[in-house]
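Since the structure comes first, as structure tokens, the remarks are kept for the end.
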Amino acid sequence: MRTEDTAFVGGPLDGRTLAVHVGATGRPPKVYEVPVPDPAGGPPTVHVYRLEPADLSPRLKLPRGWVYTYDPEGAPERHRWPWSRRRGVNPPG
């Protein structure tokens with residue numbers, strides 16, 4: 001699998017550049033989650049970073065590279081499939 005050096009802005013990884021796996025299109029994942037273990041043995045704290053374009057090309061406005069920005073209130077992203085329903089909701093009719 002291919003990796004790309006991606007910069008992190010804000011949060012505990014501010015200023016660091018890490019190798020992040022990219023998909024078939026060459027784009028890193030939209031959300032990068034960093035679990036930090038609790039010293040007291042409790043559940044780990046999860047820091048969430050969201051993907052943003054680092055720069056845009058002047059003519060076509062295509063992204064030139066990527067950067068992860070810290071999201072302090074970010075919750076881990078959950079997939080919401082269009083065919084799934086919330087539990088406890090009755091079907092219409």
Side-chain angles (χ1 to χ4, degrees):
M1 195 176 247
R2 209 177 112 216
T3 61
E4 181 178 311
D5 290 336
T6 308
F8 286 79
V9 178
L13 295 179
D14 189 25
R16 294 189 187 184
T17 302
L18 299 177
V20 177
H21 290 286
V22 295
T25 60
R27 182 176 175 167
K30 292 180 182 178
V31 178
Y32 193 84
E33 299 173 3
V34 181
V36 178
D38 185 17
T45 303
V46 178
H47 297 287
V48 178
Y49 288 85
R50 306 257 180 226
L51 186 67
E52 295 181 358
D55 191 20
L56 298 176
S57 64
R59 190 170 211 178
L60 297 176
K61 304 298 182 208
L62 297 173
R64 288 185 179 171
W66 301 97
V67 65
Y68 280 106
T69 306
Y70 181 64
D71 186 5
E73 298 173 5
E77 193 163 294
R78 297 177 188 239
H79 295 289
R80 291 194 170 88
W81 303 107
W83 56 83
S84 62
R85 295 178 184 234
R86 292 180 286 160
R87 291 184 181 178
V89 175
N90 295 332

Is there a side-chain contact between [X] and [Y] (heavy atoms, below 4.5 Å)?
X	Y	answer
Ser57	Leu62	yes
Glu4	Val20	no
Leu13	His47	no

Between Tyr68 and Val48 (side chain of the first, backbone of the second, donor and acceptor by atom type, cut-off under 3.5 Å), is there such a pair?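 Answer holds: no.
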Is a side-chain donor or acceptor of Thr6 paired with a backbone partner of Val67 at a separation under 3.5 angstrom?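 Side chain of Thr6 to backbone of Val67: no pair is present.
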What heavy-atom pair brings Gly26 and Pro28 nearest, and what distance separates the two atoms?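 Smallest interatomic distance, heavy atoms only, reads O-CD, 4.0 Å.
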Taking all heavy atoms of Pro63 and all of Pro53, pick out the closest pair and write down the distance.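 The pair with the smallest heavy-atom distance is CB-CB, 3.8 Å.
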The test is side-chain contact (heavy atoms from CB on, under 4.5 Å); show your working for Glu52 and Trp66 and say whether it passes. CA-CA 6 Å; Glu52 295 181 358; Trp66 301 97; 6.0 Å; no
Stepwise, does the side-chain contact (heavy atoms from CB on, under 4.5 Å) test hold for Asp71 with Tyr49? CA-CA 5 Å; Asp71 186 5; Tyr49 288 85; over 6 Å; no
Side-chain heavy atoms under 4.5 Å apart, restricted to Ile/Leu/Val/Met/Phe/Trp/Tyr: what other residues fall into the cluster of Leu56, or is it alone?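 When side chains under 4.5 Å apart are linked, Leu56 ends up in no cluster with other residues.
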Got a sec, which residues hit side-chain contact (heavy atoms from CB on, under 4.5 Å) with Ala19, two or more places apart in sequence or on another chain?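 By the side-chain contact (heavy atoms from CB on, under 4.5 Å) rule, Ala19 matches Thr3, Asp5.
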Please tell me whether Val31 and Val9 are part of a single hydrophobic cluster in this structure, the criterion being side-chain heavy atoms less than 4.5 Å apart.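 Result: no, two separate clusters.
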Answer yes if the ring centres of Phe8 and Tyr70 are under 6.0 angstrom apart, and no otherwise.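 Between Phe8 and Tyr70, the centre distance exceeds or equals 6.0 Å.
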Mind checking what makes side chain to side chain donor-acceptor pair (under 3.5 Å) contact with Tyr32, not counting sequence neighbours?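 With sequence neighbours excluded, Tyr32 shows a side chain to side chain donor-acceptor pair (under 3.5 Å) to no residue whatsoever.
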